[in-house]
2 protein chains.
Amino acid sequence: MRTVDPVKHEAKRREILDAAGRCFARKGFQGATISNICAEAKISPGHLYHYFASKEAIVGAIAEVGLEANVELLARIMAKPDAIAALVAEVRHPKDQREKTGQVLLLDMLVEAGRNPAMAGILQEHSRKLQTLLADFIRKGQARGQIDPGLDPEVAAGIVLCVGDGMRALALRNPEVDMGKSLDTLKILLSRFLTPQKP
Amino acid sequence: MRTVDPVKHEAKRREILDAAGRCFARKGFQGATISNICAEAKISPGHLYHYFASKEAIVGAIAEVGLEANVELLARIMAKPDAIAALVAEVRHPKDQREKTGQVLLLDMLVEAGRNPAMAGILQEHSRKLQTLLADFIRKGQARGQIDPGLDPEVAAGIVLCVGDGMRALALRNPEVDMGKSLDTLKILLSRFLTPQKP
DNA sequence: AACTTGCTAGACCTATCATTCTCATTTAGA
DNA sequence: TCTAAATGAGAATGATAGGTCTAGCAAGTT
């Protein structure tokens with residue numbers, strides 16, 4: 001009897017997921033079709049459904065890996081010496097293709113989460129992780145006297161997270177924006193927000 | 001010969017637009033269908049096309065009125081004595097139904113602008129107006145010594161605008177967020193960002 | 001080699017979409 | 001009052017969506 005090779009199966013799944021990611025980044029979760037994904041992955045629709053039960057499953061998987069990558073990225077950033085600078089720098093220069101796709105899709109995920117409970121669940125789960133990471137960073141900074149002890153770490157972390165989300169609107173609202181200047185200013189904003197206040 | 005009554009015609013257009021706004025807020029620009037809008041407005045599809053040439057035209061009109069309302073709102077806020085407090089308060093309490101719909105749809109518009117050039121044009125046009133309003137406010141504050149003169153008014157205005165966009169992600173990322181606390185913290189963030197720095 | 005099972009393709013199905021067509025009804029102006 | 005246009009409804013249309021079916025082929029196992 002022939003048996004399924006789990007390694008090959010998983011590799012093919014990844015391939016399809018990558019293709020789907022490119023399609024979603026190009027056209028959005030609702031705009032991209034199964035046909036688009038099949039064409040991009042060079043497989044037939046019948047074949048695709050051996051790997052994913054539905055379009056929704058693909059969307060869910062994409063969101064999962066994208067957001068998980070985000071969590072890992074933030075964890076790495078928080079470990080660096082000048083975390084704020086690293087954070088700001090990362091808004092600008094996504095490292096690899098998957099990170100870039102994740103960035104493009106972030107706003108899409110937020111919008112989708114507003115209507116699709118499955119997406120909302122995934123987003124909230126990962127947001128909790130991100131918020132915890134940031135809050136821990138803030139708490140440590142407070143202990144060292146580098147961050148204003150008057151700030152509630154959880155609340156401040158939530159705000160910083162969403163400020164990051166907002167920055168994705170910069171280029172959309174003004175395509176000619178000077179990203180360098182804007183990110184320098186963002187760095188100032190974050191520094192001033194977190195710095196301990198002198199009486 | 002019978003002539004079209006421009007008043008009635010315009011009233012009906014508004015009615016359809018309101019219905020469309022509710023549908024778009026509920027399902028998004030791509031998710032809402034002509035049938036949905038017709039049902040909500042209680043008219044037939046054939047009839048709808050007497051008032052709008054296409055779905056895209058409806059989307060465009062919705063974006064136009066929503067963003068224009070945003071501009072007027074910001075203009076009113078900037079005229080108030082404590083503009084920062086008024087700005088933060090407005091994130092929380094939209095005045096009327098149309099403002100609320102506009103808020104819900106803002107993220108959708110940003111996402112749509114990333115792919116639909118028509119939407120991108122409308123968004124960018126209104127963003128320019130918003131940025132100018134905010135930049136003027138900052139310039140005046142700088143002249144009065146209330147705002148850090150080291151900040152580039154245009155750049156800072158763009159940042160503040162996008163911070164506002166990001167705040168719309170707060171409840172999406174964490175539905176149990178304490179909005180009161182978060183907005184208090186946002187107010188702190190904005191104050192510290194803009195306040196002149198003592199050497 | 002023969003059999004059994006998984007892999008793959010692409011035609012096919014059903015639903016639904018935006019849009020158009022046809023047709024009935026109402027109403028303003030001659 | 002007569003009539004042409006405005007107003008309205010709803011079936012029809014063509015395109016396309018997500019998802020299924022069938023069947024040939026490939027590859028282990030015996």
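Note that the structure is a prediction, hence the values are computed from the model and not measured. Per chain, numbering begins at 1; letters A, B, ... match sequence-line order.
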For a quick check of understanding: with a heavy-atom distance under 4.0 Å over all strands, which category does B/Y51 fall into, base, sugar-phosphate or nothing? sugar-phosphate
Show the atom names and distances, to 0.1 Å, of all donor-acceptor pairs under 3.5 Å that link a side chain in residues 178-187 of chain A to residues at least two apart or in another chain.
| residue | atom | partner | partner atom | Å |
| --- | --- | --- | --- | --- |
| A/D178 | OD1 | A/G180 | N | 3.0 |
| A/D178 | OD1 | A/K181 | N | 3.1 |
| A/S182 | OG | A/D178 | O | 3.2 |
| A/T185 | OG1 | A/K181 | O | 2.9 |

Using atom CD1 of B/I43 as one end and atom P of D/dA6 as the other, report the distance to the nearest whole Å. 17 Å
side-chain contact (heavy atoms from CB on, under 4.5 Å) filter on B/V71, not counting sequence neighbours, yields B/E68, B/H126, B/K129, B/L130, B/L133
How does protein contact run along nucleotides 11-24 of chain C, one letter per nucleotide 5' to 3', with B for base contact, S for sugar-phosphate only, - for none, heavy atoms under 4.0 Å? ------SSBBB---
Using whole Å, what does the distance between atom C1' of nucleotide D/dT7 and atom NZ of B/K8 come to? 8 Å
Which residues in residues 107-117 of chain A have at least one heavy atom lying under 4.0 Å from any atom of DNA chain C? none
Could you note down all residue pairs passing side chain to side chain donor-acceptor pair (under 3.5 Å) where residues 34-43 of chain B supplies at least one of them, sequence neighbours left out? B/R22-B/E40, B/R26-B/E40, B/T33-B/N36
Contacts of B/N70 meeting side-chain hydrogen bond (donor to acceptor under 3.5 Å, both in side chains) (sequence neighbours excluded), chain-then-number -> none
Sequence neighbours excluded, which residues qualify as side-chain contact (heavy atoms from CB on, under 4.5 Å) partners of A/S54? A/E56, A/A57
Please identify each residue that fulfils side-chain contact (heavy atoms from CB on, under 4.5 Å) with A/A83, with sequence neighbours left out. A/M78, A/F137
In whole angstroms, the gap separating C1' of D/dA9 from NZ of B/K12 amounts to 12 Å
Assess the side chains of A/R168 and A/Q103: does a donor N or O sit below 3.5 Å from an acceptor N or O? yes
d(CG, A/L48; P, D/dG19) in whole Å: 10 Å
Measure CZ/A/R13 against P/C/dT8 and give the value in whole Å, please. 15 Å
Can you sort out the partners of B/Q146 under side-chain contact (heavy atoms from CB on, under 4.5 Å), two or more places apart, ordered by chain and number? B/R144
Measure from CD1 on B/I37 to P on D/dA9 and round the result to the nearest Å. 16 Å
